[in-house]
Structure formats: C-alpha cells, structure tokens
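In what follows, chains are A, B, ... by sequence order, proteins preceding strands, each numbered from 1. As a basis for the values below, the full set of heavy atoms in this structure was taken, side chains included, without hydrogen atoms, waters or symmetry mates.
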Protein chains: 2
Amino acid sequence: MNSSGDSMAQADDESLLCDTGASRDTSTRDTGTLGKLVMLLDLVTHADAPLRFTDILALTNQPRGTLHRQLGHLVAEGLLELDAEGRYAPGLRLLDFASRSWARNEFRLIAAPHLASLHRETGETVHLGVLRGSSIIYLDKVEGHQPVRMYSQIGNASPCYCTGVGKAALSVLSSVQLDELLPGLHFNRFTSATHVSAESLLMEIGEIAAAGHAFDREEHEAGIRCVAAPIWSDDRSFIGGVSVTGPAYRLSMELLQEWTIPVQVTARKIMDEMRVRLGPRR
Amino acid sequence: MNSSGDSMAQADDESLLCDTGASRDTSTRDTGTLGKLVMLLDLVTHADAPLRFTDILALTNQPRGTLHRQLGHLVAEGLLELDAEGRYAPGLRLLDFASRSWARNEFRLIAAPHLASLHRETGETVHLGVLRGSSIIYLDKVEGHQPVRMYSQIGNASPCYCTGVGKAALSVLSSVQLDELLPGLHFNRFTSATHVSAESLLMEIGEIAAAGHAFDREEHEAGIRCVAAPIWSDDRSFIGGVSVTGPAYRLSMELLQEWTIPVQVTARKIMDEMRVRLGPRR
DNA sequence: AATTAAGTTCCAAATAATGGAATAACCACA
DNA sequence: TGTGGTTATTCCATTATTTGGAACTTAATT
C-alpha cells in the first residue's frame, strides 16, 4: 500500500517530480514573496530525491541570483536542508510545525475512536481524510498488527478525483464549490480505471451523492480498492471522509457493497459528535 | 509520556505559549520577509490553543495592518487556518510538507531496523533524535504493542539540555560548536533535576563525553528516565542520538547502567552504516 | 441607539526582492 | 599542476513589495 512510487512512474514530463494531479497552481493566489517561497518548498518536498541548485533552476526558470537567495533563506530557517553534496532536501523544522498541526487537530481527535471500531469491524485499513483545495490530505490511518509507519501515509496529499475519500468529499460540495473546483483539476491517469475527464467524474459524483458512499475501483493504484463515506459540516466549510481500503483480491465489490453500511454509520457518528463539539451552526 | 502539557504549566510570562527553552531567536538570522512569517508560524503552531488576531497582535507588537496581511498570506497558502470564530491554527498543508521530509530522511531509514532490535532487547521505548540548533527533533520511536500514535512524539522539538539524546549530542560537539550553542540556551526548570546553568550542564557533558553515554534522571519529566548514546558524522556536521526511555519505577539506575552497552552498540551500528551509505569523509 | 472593542482596508514612504553579469569554487582529465 | 567545463556564489542599480499609521467597517455590549 505504498501510495507514490511505482504508480507514479508513468507520470508526465518532469520525471523528478511527483505530481499529484492538482495543486501547484500558485500562479493566481497572490501571496507575494511567500507564494514564491512556498512554491519552492513544494517543489523540493515533492521531488523524489534531493535536488541540486541547477535542477531547481531548470524547474523554475527563475534568475540564478534570485533563486540562490530564496533557497538560502529557506535553508536558514530550517525549512530546507542543504547537504554536503550541495543538494536541497526538505528540512526537519517542517516536522516540528506539522506535529503540532496534527496533534491538535479537532477532527482527528474526534474521529480516532470511531476509526478504531471501524477497523475492528472490517479488519482492513481505515483512513481519515480532509478536502483541502482539490487534494485529500490524510489525517489518520488505522491498520494491521504490524508496527505502523504512520508518516508513510498520514499527511500525504492525494488527488480528489481518484480516491474514495476524495470522490465522497466531492459529492457533498455545493454546485458552486464544484464549479470552482472542477475546472482546475489536472487529470492524471494513474491506472486504466482513473477518471480522466470532468464529465465522467461529474456523472459518478451524482451517483455517489444519491447513494451516500463512494468506491475506489483501483483508480489510484492497481490492485487497491476502497469504500468511503463523506463527512461534512452544515455549511460545507469543512469536508472530509472516512474509508476502508485493501487489496482487490481480498475485497470483492460485493464485500465493499456490504461495508457501505458500517462506513456510512461511522461517518454519521463522527459528524454527530462534531456537531456537538464544534457547534451545529457550521 | 506526554511531553508538553503539565510540565509546561509553571513556565514563564506568556502562558499561552509552549516555550521549549530555546529557538525563537529569529532576530539575528537575516532571512528578510520569510523570517518574519516563519516567526508567526512558530508562534501559532506552538501555542496551546488557536489564537485570535488580537492575541497575536499582542504577542508580536507589530502594526495591525502588517500583521493582518502576513496572516492573510499564511492562510492563503494553507500554512495556517482561520476558523469560523476568527482564530488562527496550524494549517494542514504543513502535514503534506512534513510527511515528505520524514519519509525520505536517510538517517531515519538507516536507523529503523537497529531501533527495532534495541526495542526487542530492552522491551522499552526507543527514540531516535537529531540535533537542530539547540533542540532535539525526534525522528522515530519504537514502542509497545499498542498501535503507535507516532505524531504524538515524532517531530516534536525538545530542549537539548534536559533530554538524554540532547545531552549525548552535546557531548560530541566540538568546543567551538559548544561555545556557540551554550550562551543561547534559556534554561527552563522542568523538574527539580533539570540543569539550570551552563556550568552544571558543561560539567556533566564532560563526563558524558568520557563515558560515551548519557542519562536523563527525570530531568525533563518527573518519573521518566532514559539512557542515550550519541551518533555523529566525522566532521560533526550531523549529530543525533538514540535512547531507551521508560518510567522510573521500572528503570532503576542499575538497569540503565546495564543498558548503556546495547544502546552504545546500537549507536555504533547506525554510525557505521551511515559512513558506508553517505560516504566516510563527512 | 450609543459605545466600545475587534477586524479590515488604504496608501505614501521605507525596505526588501529582483535579475543580469561578473566572480569564485569545484571537478575531471591530461 | 594546469586547463576547460561545470556549477555555485556574490554584487548592485533597478524595481516591486512590504511597511505601518490612520481611517474605516463590522460585530459585540450596555
């Protein structure tokens, strides 16, 4: 269940980069100097290996002087690290920031016990995700008995159009929100089942909205299926989802169909508790 | 083994902030606009609860207009989030950045199997940490049978002067590096055993350097002891450590004394492998 | 409705970022 | 040890962004 890696291989031109099929659209967002620096951070953290100065130069076509100073600042702040061979890699200070972000996340704290019981019921991997822009960020994961390497999945941003949680999340967006989001999607064919057009995606979203659950039929990674249900706040300011994931040989579509019920029940319980804890108005 | 929280209670003036006893010295470091923004990020991520605009205003004494734009930019980039009640909290995009930083970290990848075997040998919690500035950032953790909530500790930055890994790390610094680091330390008395002066710390560091291992005698958290050994590259450009931690009632000082050997052996194995993988020169 | 507090917008002045070009360090090979 | 090619770093006049005080809007309180 390693997410990136192999399934990334047949991606497009920039082979060094791991394009999730969304984000990296910093162009419009006007955040001045910060925007440019964050774009660099994104570039380096999402690369599959440390990048040298020249690599980054080529990837950004910024002037040498400018880029050099920007990288220098990021390194000075510990957001990037420069190794002895002159290659830039993500900095460890990011971990310090992120661990706080995770530890205090209300949604995750509320959902945790419900994820555990869904895991007990199904015996397969349970994920919790949130919609951020057009990506799903995984917030928690409950899996098998082996010591869990949590960071391997938690924190990862995956495209919304080819994951169970992502499609479930899309199904509860208002039509206004959907109209804003869809045109910005860059469809990336991860497997032969991946949606590659807004039309086919939109059609399935309609079905998901009616049914209240979504399937991932090996759309992100060959051999991996999942069933998911959306979680949302009344005013749609918060949207996420919960899913059960596993290998296709073990999870027949019939079994997934059965699990739609416990998954939806879990989503409902989490929503109910959120409404109590965070106030019903939103 | 919750790090912050209670032990933080008697900290100094700014009660909302969780001061690790170091860092937050962005003043000298000249990183222009980025420095100011990162300081804000630090402020919000390290606060114990979401902060309102006015709270941050008071904590930074920056002009209203400036602060407002800065926060706006951080929110637009997903580095902070602004909830419906107008409170700022760490943003989830940080998770995405950090998960990459962690997943690809060479040191952690090399150390992982050795940590596992040290855990098997001792049956107690094993930590891996790196020295960054005057903080120890925990990179990995192997503990009991229960599903590990890794983010709870991993990524956390703890002071170097009151943790086993921290003191072990200090013991292999060159005297030049030590002279740079010591004056910047702000000693925070977490327990009655915490070092509160550079003099007493320096004295123990001498002993640790001679012995090759360090103890934490309930210096960071009452009731918690540990034994640690340093890990370093030839040129001291990289410094970290490995430790075994547990409750004082189970870990007598005699037992910790016995464990100095497996801990040091583990550190040595990790160092040897790093020298092979990353080249001996550094 | 009046009053205070909290948050947002505006714009001339101060400051920091830009980017082209020159310089320096590095590396491989003779 | 020198030489050519590659890569990284520094410099500085120009340009664009950030700054911060003040005015303004909005929300909460009496």
Fill in: A/Leu67 CG to D/dT9 C1', straight-line distance once rounded to whole Å
12 Å

Discussion item. Distance check needed: D/dT10 P versus B/Asp30 CG, whole Å only.
Written reply: 14 Å

Discussion item. Rounded to whole Å, please give me the gap between CG in A/Leu57 and P in C/dG19.
Written reply: 12 Å

Worksheet item: Of B/Leu40, B/Leu71, B/Thr45, which meets side chain to side chain contact (heavy atoms under 4.5 Å, CB included) against B/Tyr88?
Response: B/Leu71

Worksheet item: Quick one: A/Gln70 CD to D/dT17 C1', roughly how many Å, whole number?
Response: 13 Å

Fill in: Salt bridge A/Arg87-A/Asp55, side-chain N to carboxylate O under 4.0 Å
no

Worksheet entry | Identified side chain to side chain donor-acceptor pair (under 3.5 Å) counterpart of A/Thr31 within the set B/Glu77, B/Arg69, B/Gln70, B/His73 | B/Glu77

Item to complete: Measure from CG on A/Leu37 to P on D/dA16 and round the result to the nearest Å.
Response: 18 Å

Worksheet item: Do A/Asp96 and A/Arg93 meet the salt-bridge criterion of a basic N to acidic O distance under 4.0 Å?
Response: no

Discussion item. From CG of B/Asn61 over to C1' of D/dG21, roughly how many Å is that when rounded to an integer?
Written reply: 16 Å

Fill in: Rounded distance in Å - CZ (A/Arg87) to P (D/dT7)
15 Å

Worksheet item: In B/S/- notation, 5' to 3', how is nucleotides 3-10 of chain C contacted by protein heavy atoms closer than 4.0 Å?
Response: ---SBBB-

Worksheet item: Atom CG of A/Leu71 to atom C1' of C/dT18: distance rounded to whole Å?
Response: 15 Å

Worksheet item: Would you call A/Arg132-B/Glu81 a salt bridge at under 4.0 Å N-O?
Response: yes

Worksheet item: Would one find a side-chain N or O of A/Lys36 under 4.0 angstrom from OP1 or OP2 of D/dT17?
Response: no

